Amino acid sequence: MSGPVTPRDERPDGERPTGVDELLERVRAGYARVQAREAYEAARAGEALLIDIRYAALRERDGLIPGALVVERNELEWRLDPQGSHRLPEATSHDVRAVVICNEGYASSLAAESLHRLGLHRATDLVGGFQAWRAAGLPVTS
(Lines give C-alpha, C1' and ligand atoms only; values in the text may rest on other atoms or scores of the structure.)
Protein backbone atom coordinates (compact mmCIF):
# COMPACT_ATOMS: atom_id res chain seq x y z
CA MET A 1 0.00 0.00 0.00
CA SER A 2 1.40 3.41 -0.88
CA GLY A 3 0.92 6.73 0.89
CA PRO A 4 -1.09 9.71 -0.32
CA VAL A 5 0.07 11.44 -3.48
CA THR A 6 1.26 15.01 -2.94
CA PRO A 7 1.54 17.67 -5.64
CA ARG A 8 5.04 18.10 -7.05
CA ASP A 9 5.28 21.65 -5.76
CA GLU A 10 4.49 20.76 -2.17
CA ARG A 11 6.67 18.96 0.35
CA PRO A 12 5.22 16.13 2.46
CA ASP A 13 5.09 18.47 5.48
CA GLY A 14 2.82 20.85 3.53
CA GLU A 15 5.45 23.56 3.13
CA ARG A 16 6.08 25.16 -0.22
CA PRO A 17 9.61 24.57 -1.59
CA THR A 18 11.91 27.59 -1.64
CA GLY A 19 12.98 28.73 -5.09
CA VAL A 20 16.56 29.82 -5.70
CA ASP A 21 15.64 33.52 -6.01
CA GLU A 22 13.92 33.45 -2.64
CA LEU A 23 16.80 31.49 -1.14
CA LEU A 24 19.32 34.07 -2.40
CA GLU A 25 17.23 36.87 -0.94
CA ARG A 26 17.07 35.17 2.47
CA VAL A 27 20.77 34.31 2.48
CA ARG A 28 21.88 37.80 1.45
CA ALA A 29 19.75 39.39 4.16
CA GLY A 30 22.00 37.68 6.71
CA TYR A 31 25.20 39.60 5.94
CA ALA A 32 26.57 42.68 4.19
CA ARG A 33 27.83 41.98 0.67
CA VAL A 34 30.76 44.01 -0.68
CA GLN A 35 31.41 45.89 -3.88
CA ALA A 36 34.55 45.26 -5.94
CA ARG A 37 36.46 48.38 -4.85
CA GLU A 38 35.75 47.68 -1.16
CA ALA A 39 36.97 44.09 -1.52
CA TYR A 40 40.10 45.28 -3.31
CA GLU A 41 40.93 47.83 -0.61
CA ALA A 42 40.25 45.37 2.23
CA ALA A 43 42.53 42.78 0.64
CA ARG A 44 45.28 45.35 0.03
CA ALA A 45 45.07 46.42 3.67
CA GLY A 46 45.34 42.80 4.83
CA GLU A 47 41.81 42.92 6.25
CA ALA A 48 40.23 40.31 3.97
CA LEU A 49 41.02 37.13 2.09
CA LEU A 50 39.73 37.03 -1.47
CA ILE A 51 38.54 33.51 -2.27
CA ASP A 52 38.01 32.72 -5.96
CA ILE A 53 35.63 29.76 -6.33
CA ARG A 54 35.22 29.97 -10.12
CA TYR A 55 35.88 26.76 -11.98
CA ALA A 56 39.09 26.31 -13.95
CA ALA A 57 37.64 27.04 -17.40
CA LEU A 58 36.46 30.49 -16.27
CA ARG A 59 39.77 31.26 -14.61
CA GLU A 60 41.61 30.23 -17.77
CA ARG A 61 39.27 32.26 -19.98
CA ASP A 62 39.04 35.45 -17.90
CA GLY A 63 42.16 35.46 -15.73
CA LEU A 64 42.88 35.63 -12.02
CA ILE A 65 42.64 38.23 -9.30
CA PRO A 66 46.19 38.77 -8.02
CA GLY A 67 46.50 37.57 -4.43
CA ALA A 68 43.17 35.74 -4.40
CA LEU A 69 43.18 32.19 -3.08
CA VAL A 70 41.77 29.76 -5.62
CA VAL A 71 39.56 27.24 -3.84
CA GLU A 72 37.23 25.05 -5.84
CA ARG A 73 33.65 25.38 -4.60
CA ASN A 74 33.46 21.72 -3.60
CA GLU A 75 36.47 22.20 -1.29
CA LEU A 76 35.56 25.59 0.20
CA GLU A 77 34.31 24.48 3.61
CA TRP A 78 37.16 21.99 4.02
CA ARG A 79 39.78 24.62 3.23
CA LEU A 80 38.38 27.50 5.29
CA ASP A 81 37.24 25.71 8.45
CA PRO A 82 39.80 26.82 11.07
CA GLN A 83 39.16 23.56 12.94
CA GLY A 84 39.48 21.34 9.87
CA SER A 85 42.37 19.02 9.15
CA HIS A 86 42.48 20.17 5.49
CA ARG A 87 42.36 23.91 6.12
CA LEU A 88 44.52 26.43 4.31
CA PRO A 89 47.24 28.16 6.35
CA GLU A 90 45.23 31.39 5.96
CA ALA A 91 42.22 29.83 7.73
CA THR A 92 43.48 30.94 11.12
CA SER A 93 40.25 31.66 13.01
CA HIS A 94 36.51 32.06 12.76
CA ASP A 95 37.10 35.82 12.65
CA VAL A 96 38.74 35.74 9.19
CA ARG A 97 36.98 38.02 6.74
CA ALA A 98 36.62 35.89 3.62
CA VAL A 99 35.24 37.53 0.48
CA VAL A 100 33.98 34.75 -1.77
CA ILE A 101 34.09 35.46 -5.51
CA CYS A 102 32.30 33.50 -8.21
CA ASN A 103 31.73 34.58 -11.79
CA GLU A 104 28.66 36.82 -11.36
CA GLY A 105 27.86 36.87 -7.64
CA TYR A 106 25.25 34.15 -7.25
CA ALA A 107 27.04 30.94 -6.24
CA SER A 108 29.26 33.01 -3.97
CA SER A 109 26.24 34.11 -1.92
CA LEU A 110 25.31 30.52 -1.18
CA ALA A 111 28.96 29.71 -0.45
CA ALA A 112 29.26 32.63 2.00
CA GLU A 113 26.15 31.42 3.81
CA SER A 114 27.70 27.97 4.10
CA LEU A 115 30.80 29.54 5.68
CA HIS A 116 28.54 31.33 8.17
CA ARG A 117 27.18 27.93 9.20
CA LEU A 118 30.78 26.89 9.98
CA GLY A 119 31.12 29.90 12.28
CA LEU A 120 32.98 32.20 9.87
CA HIS A 121 30.73 35.09 10.86
CA ARG A 122 32.56 37.69 8.74
CA ALA A 123 32.28 35.75 5.47
CA THR A 124 30.72 37.69 2.63
CA ASP A 125 30.69 37.73 -1.14
CA LEU A 126 31.39 40.09 -3.98
CA VAL A 127 28.37 41.74 -5.60
CA GLY A 128 28.57 40.90 -9.31
CA GLY A 129 31.47 38.50 -8.81
CA PHE A 130 34.57 38.44 -10.96
CA GLN A 131 32.75 40.20 -13.79
CA ALA A 132 32.10 43.21 -11.53
CA TRP A 133 35.75 43.17 -10.42
CA ARG A 134 36.92 43.28 -14.02
CA ALA A 135 34.34 45.91 -15.00
CA ALA A 136 35.62 48.11 -12.17
CA GLY A 137 39.06 48.05 -13.80
CA LEU A 138 40.66 46.22 -10.88
CA PRO A 139 43.80 44.08 -11.42
CA VAL A 140 43.48 40.82 -13.33
CA THR A 141 46.31 38.59 -14.50
CA SER A 142 46.17 35.99 -17.26
Side-chain angles (χ1 to χ4, degrees), residues 3-142:
V5 177
T6 60
R8 290 182 146 224
D9 62 346
E10 191 173 293
R11 296 187 330 211
D13 62 6
E15 292 292 318
R16 181 182 58 80
T18 301
V20 71
D21 292 333
E22 184 180 342
L23 178 61
L24 280 171
E25 187 177 317
R26 283 187 202 170
V27 163
R28 290 172 174 168
Y31 63 91
R33 302 178 77 208
V34 297
Q35 298 291 329
R37 178 66 57 185
E38 179 184 354
Y40 173 72
E41 295 297 338
R44 276 189 47 193
E47 298 169 357
L49 293 176
L50 303 180
I51 311 294
D52 186 345
I53 64 168
R54 293 175 301 142
Y55 53 88
L58 288 177
R59 295 191 310 268
E60 290 169 11
R61 182 190 78 189
D62 293 337
L64 299 168
I65 296 172
L69 299 172
V70 174
V71 179
E72 296 286 338
R73 174 61 190 99
N74 64 325
E75 296 180 355
L76 184 67
E77 293 82 358
W78 300 103
R79 300 293 186 216
L80 291 182
D81 179 3
Q83 299 174 335
S85 59
H86 300 305
R87 71 183 174 275
L88 293 169
E90 295 85 354
T92 56
S93 80
H94 287 93
D95 198 42
V96 167
R97 183 177 185 206
V99 179
V100 183
I101 303 166
C102 68
N103 193 48
E104 294 182 343
Y106 296 99
S108 58
S109 294
L110 299 177
E113 194 269 341
S114 182
L115 294 178
H116 279 249
R117 289 183 184 190
L118 285 176
L120 291 147
H121 61 98
R122 297 179 67 208
T124 186
D125 77 313
L126 182 63
V127 175
F130 177 86
Q131 298 305 323
W133 179 279
R134 186 169 61 183
L138 296 169
V140 174
T141 60
S142 47

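Every value quoted in this text rests on a predicted model; they were computed, and no experiment measured them.
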For residues 76-83, tabulate all N or O donor-acceptor pairs below 3.5 Å that involve a side-chain atom, not counting sequence neighbours.
residue: E77; atom: OE1; partner: R73; partner atom: NH1; Å: 3.0
residue: E77; atom: OE2; partner: R73; partner atom: NH1; Å: 2.9
residue: E77; atom: OE2; partner: R73; partner atom: NH2; Å: 3.0
residue: E77; atom: OE2; partner: S114; partner atom: OG; Å: 2.5
residue: R79; atom: NH1; partner: H86; partner atom: O; Å: 2.8
residue: D81; atom: OD1; partner: Q83; partner atom: N; Å: 2.9

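- Side-chain contact check for I51 versus I101: every heavy-atom pair is 4.5 Å or farther apart.
- For the pair L49/V99, no side-chain contact is recorded, criterion being any heavy-atom separation below 4.5 Å from C-beta on.
- A132 pairs by the side-chain contact (heavy atoms from CB on, under 4.5 Å) definition with nothing, not counting sequence neighbours.
- Residues satisfying the side-chain contact (heavy atoms from CB on, under 4.5 Å) test with Q35, not counting sequence neighbours, are V127.
- Within 6.0 Å of OH in Y31 there are more than 12 heavy atoms belonging to other residues, nucleotides or ligands.
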Test salt bridge (Lys or Arg N to Asp or Glu O under 4.0 Å) applied to R59 and E72, step by step: CA-CA 11 Å; R59 295 191 310 268; E72 296 286 338; 3.2 Å; yes

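- Not counting sequence neighbours, H121 has no partner by the ring-ring contact (aromatic ring centres under 6.0 Å, His included) test.
- Scanning for side-chain contact (heavy atoms from CB on, under 4.5 Å) contacts around S93 gives D95, V96, with sequence neighbours left out.
- Within the structure, every pair that satisfies the salt bridge (Lys or Arg N to Asp or Glu O under 4.0 Å) test and touches residues 23-32, not counting sequence neighbours, is listed here: E22-R26.
- Residues D52 and V71 have side chains not in contact (no heavy-atom distance under 4.5 Å, counting atoms from C-beta outward).
- Panel note: side chain H116, backbone R122; no donor-acceptor pair is recorded below 3.5 Å.
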List the atom pairs, with distances to 0.1 Å, where a side-chain N or O of residues 135-142 and a protein N or O form a donor-acceptor pair under 3.5 Å, not counting sequence neighbours.
none

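- In this structure, CZ on R33 lies 12.0 Å from CD on E38, to the nearest 0.5 angstrom.
- Among residue pairs with one or both ends in residues 106-117, those qualifying as salt bridge (Lys or Arg N to Asp or Glu O under 4.0 Å) are E113-R117; sequence neighbours excluded.
- N103 and Y55 share no side-chain donor-acceptor pair at under 3.5 Å.
- A donor-acceptor contact shorter than 3.5 Å links the side chain of D125 to the backbone of S109.
- Nearest heavy-atom pair, C102 versus A107, reported as atom, atom and distance to 0.1 Å: SG-N, 3.6 Å.
- Distance alone, capped at 3.5 Å, is enough to place a donor-acceptor pair between the T124 side chain and the A32 backbone.
- Heavy atoms of other residues, nucleotides or ligands lying less than 6.0 angstrom from CZ of R44 number 12 at most.
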Worked verdict on L110 versus L24 for side chain to side chain contact (heavy atoms under 4.5 Å, CB included): CA-CA 7 Å; L110 299 177; L24 280 171; 4.0 Å; yes

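- Sorted by first and then second residue, the salt bridge (Lys or Arg N to Asp or Glu O under 4.0 Å) pairs with a member in residues 126-135 read D62-R134; sequence neighbours excluded.
- Among residues two or more places apart in sequence or in another chain, the side-chain contact (heavy atoms from CB on, under 4.5 Å) test is passed with A43 by L50.
- Screening residues 32-53 for ring-ring contact (aromatic ring centres under 6.0 Å, His included) gives Y40-W133 as the qualifying pairs, with residues at least two apart or on separate chains.
- Checked against salt bridge (charged side-chain N to carboxylate O under 4.0 Å, His left out), R87 has no partners two or more places apart in sequence or in another chain.
- Note: L58 CG to Q131 CD = 8.0 Å, rounded to the nearest 0.5 Å.
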